[in-house]
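Nothing here was measured: the structure is a model prediction, and the numbers come from that model. Just so it is clear: chains get the letters A, B, ... in the order the sequence lines come, proteins before strands, and each one is counted from 1.
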Number of protein chains: 2
Amino acid sequence: MLSDRRMTTKKQEYQRPVSIKDIARRARVSVATVSRALHDHPRIGVETRKRVQQLAREMGYVPNETARSLVRQCTYTIGIVMPDASDPYAAAILHSIEDMARTVGYTLLLVHSWGMPARELEAIQTLRKRDVDGLVLVSSRMGGQLHALTNKLGRPLVIVNGNSAPGVGYTVRGDNVHGVILATEYLLHLGHRRIAFIGGPEGSRSGWERKSGYRQVLRNEGLAEAIFPGNGRLIDGVRAFQVMQQQGRLPEAIVCYNDLTALGVLQAAWQAGVGVPENLSVIGFDDILYSAYSIPPLTTVAQPKAAMGEAVVQLLTRLIRGEPAQNILLPGKLIERSSCHAR
Amino acid sequence: MLSDRRMTTKKQEYQRPVSIKDIARRARVSVATVSRALHDHPRIGVETRKRVQQLAREMGYVPNETARSLVRQCTYTIGIVMPDASDPYAAAILHSIEDMARTVGYTLLLVHSWGMPARELEAIQTLRKRDVDGLVLVSSRMGGQLHALTNKLGRPLVIVNGNSAPGVGYTVRGDNVHGVILATEYLLHLGHRRIAFIGGPEGSRSGWERKSGYRQVLRNEGLAEAIFPGNGRLIDGVRAFQVMQQQGRLPEAIVCYNDLTALGVLQAAWQAGVGVPENLSVIGFDDILYSAYSIPPLTTVAQPKAAMGEAVVQLLTRLIRGEPAQNILLPGKLIERSSCHAR
DNA sequence: CTGTTAGCGCATTCAA
DNA sequence: TTGAATGCGCTAACAG
């Protein structure tokens with residue numbers, strides 16, 4: 001009685017949509033004329049045009065894009081392959097791409113890859129069959145295997161923050177090395193010397209780049225590196241912190257592969273009674289939605305997610321039109337909040 | 001020199017994909033034979049079949065789904081309209097729908113609505129032209145306007161957790177009333193008497209239901225209601241808390257419209273030095289990914305998001321096949337974590 | 001077993 | 001200005 005579990009059990013038939021042929025019949029003209037009327041074609045009588053358009057509206061005509069696509073040989077559809085829409089970072093990218101794509105008349109076909117190369121391949125095949133005008137791979141893990149694919153793809157390809165093979169498609173990416181240098185040097189300026197790093201997914205380019213930026217800075221300063229494995233999820237931050245503590249290797253500050261990892265560290269530190277930022281400084285990467293509201297608010301390197309979406313769509317439309325294009329590298333920006341503290 | 005801003009400025013032409021006609025020519029058979037071979041049609045020579053299949057593989061043939069869709073009169077595509085993929089709750093739903101849809105051979109066409117009825121309408125039109133086999137509206141705000149639409153839609157419609165008009169499409173929803181009763185009674189059992197509620201979006205069904213569940217419980221107990229407006233975002237939780245404090249109306253416990261709002265309250269309370277759960281109990285709704293890792297971990301009513309995706313796709317496929325169907329109401333579950341404390 | 005034909009809904013060329 | 005015819009890539013009904 002708590003629930004109004006209404007059981008609707010009607011059966012329903014769906015009727016065939018009206019086509020230009022139907023309109024033609026009713027208007028007593030040819031389908032060609034209808035087509036022209038609907039397109040405001042110049043060579044048509046103003047009289048018939050109005051009549052046909054009126055009729056189309058009355059009959060609830062909706063153009064069949066499938067048929068159009070077939071003759072036009074382009075679908076105004078772009079395919080997007082991403083690991084997982086429930087990852088806040090991926091979702092933000094998806095969000096900005098969808099937004100931009102819509103404004104230029106494209107619709108998005110979405111397939112998840114779960115970060116698995118095999119699934120990615122499958123997804124790409126699916127989208128290729130769907131005859132998308134262009135393809136976006138977010139956080140691709142395929143690397144070399146892309147090579148074999150790209151020749152046969154026959155469609156423009158843009159890779160966002162993923163492993164790309166040279167000469168395969170175009171890329172839009174955040175500047176990971178620069179960003180993590182920003183983060184690490186910030187910690188240095190705050191007076192920290194024992195700075196650890198929690199890594200990202202094995203074999204991912206962003207993971208590699210962020211790690212090497214960290215190493216580069218520490219090496220320049222002659223400081224010891226302390227690198228802990230991770231996989232970019234909340235739980236990885238939790239675990240890494242626990243490992244540090246169990247091993248008695250708690251540092252003064254931690255650079256995290258991404259915000260999710262950092263948020264995990266915040267949680268684990270709180271559980272363990274280690275105060276952030278008084279006893280431990282934590283810095284993230286990405287600036288996801290939640291980071292501004294974590295406890296304490298997370299200092300992080302923001303990725304320009306909106307700009308990325310724009311860049312992706314712009315790049316893709318250029319490629320579709322056959323115009324020259326170039327890879328895009330976007331700088332990150334340090335966002336100072338409250339998870340880091342001077343020593 | 002920090003960035004490898006490589007400028008790739010090649011211009012590239014994309015070639016026409018190979019069609020069954022191409023294969024037919026090379027194999028010196030008719031297109032019908034090719035089609036049959038590719039489909040393992042019974043009435044074909046095992047010899048020619050193998051030859052054609054081999055050839056197709058060599059030539060890198062990929063079937064054109066657009067053409068298929070045209071003759072088949074169905075696209076194996078389902079359209080999904082949601083406010084915003086970067087909302088963690090919506091993203092989780094999207095995730096589970098995509099996952100389920102893929103396994104049954106459907107691909108997703110995604111359009112954002114930004115929670116604006118006008119945009120929703122636009123999105124539905126877009127998808128209708130795309131000739132989707134079915135439509136999913138997540139957190140729709142359209143309400144009555146759906147009526148006019150649905151007759152002309154000509155496609156099965158499933159509404160997830162949104163405003164629906166009676167007789168328009170089918171619905172899959174979490175049991176909001178029951179869920180919020182669970183939450184409120186839990187607080188009651190913990191000994192709280194001054195329990196406030198922070199509401200959701202104005203005019204949304206879930207907002208209304210959750211509020212009325214709360215009111216129902218308080219009324220039964222003869223307790224005073226304290227309702228603060230909200231809109232389902234983090235910032236709404238922050239603001240509501242600030243208002244409570246400024247007005248000197250801080251309660252013993254707060255039931256929040258959703259987790260995002262609750263997370264905002266956690267943050268604001270922390271900023272204000274109000275300890276959760278010692279001085280204030282907070283309970284959310286949805287159980288988004290992050291809630292298990294907030295500080296403190298958030299007690300909440302979990303929505304069965306995976307089950308929802310399953311239900312949506314199953315319902316939709318039934319409708320597409322013209323089978324009888326029924327609305328689905330899924331129960332929520334209380335997840336006890338650490339944001340509530342006995343008085 | 002295989003080829004020929006027609007047609008899905010639409011845009012476009014060529015005639016009229 | 002309009003109509004008839006053709007084809008986009010593919011499937012399916014009908015002949016052979």
Side-chain angles (χ1 to χ4, degrees), chain A residues 14-53 55-56 59-77 127-133 154-155, chain B residues 14-53 55-56 59-77 127-133 154-155:
Chain A
Y14 300 97
Q15 59 189 14
R16 185 178 58 78
V18 334
S19 72
I20 57 170
K21 207 191 246 171
D22 299 322
I23 301 178
R25 188 163 27 235
R26 285 270 297 264
R28 301 182 173 288
V29 294
S30 73
V31 293
T33 302
V34 175
S35 175
R36 283 190 279 250
L38 263 24
H39 285 260
D40 284 326
H41 190 283
R43 286 207 308 243
I44 191 174
V46 57
E47 193 58 30
T48 35
R49 171 171 43 183
K50 279 174 64 176
R51 194 162 55 90
V52 169
Q53 289 184 346
L55 206 50
M59 299 173 68
Y61 170 73
V62 176
N64 182 324
E65 282 297 323
T66 306
R68 279 193 175 176
S69 295
L70 193 59
V71 17
R72 194 202 300 134
Q73 297 287 48
C74 91
T75 55
Y76 288 116
T77 298
L127 294 171
R128 198 147 89 93
K129 288 195 284 193
R130 287 329 238 237
D131 207 20
V132 295
D133 292 346
R155 290 284 178 273
Chain B
Y14 299 97
Q15 61 188 10
R16 185 177 58 77
V18 333
S19 71
I20 57 170
K21 208 189 242 170
D22 300 322
I23 302 178
R25 189 163 26 233
R26 285 267 297 263
R28 300 183 173 289
V29 293
S30 74
V31 293
T33 302
V34 175
S35 176
R36 283 191 278 254
L38 263 22
H39 285 254
D40 285 327
H41 190 282
R43 289 208 307 242
I44 192 174
V46 57
E47 193 59 30
T48 34
R49 173 171 40 182
K50 281 173 60 176
R51 194 162 55 89
V52 169
Q53 288 185 346
L55 205 51
M59 297 172 69
Y61 170 72
V62 176
N64 182 324
E65 282 297 325
T66 306
R68 280 194 173 176
S69 296
L70 194 58
V71 16
R72 196 202 298 132
Q73 298 287 32
C74 91
T75 55
Y76 287 116
T77 299
L127 293 172
R128 197 147 89 94
K129 288 195 285 194
R130 290 323 237 243
D131 208 19
V132 294
D133 292 346
R155 290 282 179 273

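Using modelled atom types, no side-chain atom of R155(B) and backbone atom of R128(B) make a donor-acceptor pair closer than 3.5 Å. S35(A) contributes no side-chain N or O that, together with a main-chain N or O of V31(A), makes up a donor-acceptor pair within less than 3.5 Å.
Residues D22(B) and R16(B) have side chains in contact (heavy-atom distance under 4.5 Å, counting atoms from C-beta outward).
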Let me have the donor-acceptor pairs involving side chains of residues 36-49 of chain A, under 3.5 Å, with sequence neighbours excluded, atom names and distances please.
from   : atom 1 : to     : atom 2 : distance (Å)
D40(A) : OD1    : Q53(A) : NE2    : 3.1
H41(A) : ND1    : R43(A) : N      : 3.0
T48(A) : OG1    : G45(A) : O      : 3.0

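Here dA11(C) presents its P atom at 8 Å from CG of L38(A), a figure rounded to the nearest Å. Put simply, CD1 on I23(A) is 11 Å from P on dA11(C), counting in whole angstrom units. Rounded to whole Å, atom P of dG3(C) lies 15 Å from atom CZ of R25(B).
Between the side chains of S30(A) and T33(A), at least one donor N or O sits under 3.5 Å from an acceptor N or O.
For T75(A) against R130(A), the heavy-atom pair with the smallest separation is CG2-O, 4.2 Å.
For the OP1/OP2 pair of dT2(D) and a distance below 4.0 Å, the side-chain nitrogens and oxygens of T48(A) include at least one atom meeting the criterion. Between S30(B) and dT4(C) there is no side-chain polar atom (N or O) within less than 4.0 angstrom of OP1 or OP2.
Note on V34(A): nothing from the nucleic acid sits closer than 4.0 angstrom, heavy atoms only.
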Encode nucleotides 6-16 of chain D as B, S and - characters from 5' to 3', where the letter depends on protein heavy atoms closer than 4.0 Å: B to the base, S only to sugar-phosphate, - to neither.
-> -BBBBBBB---

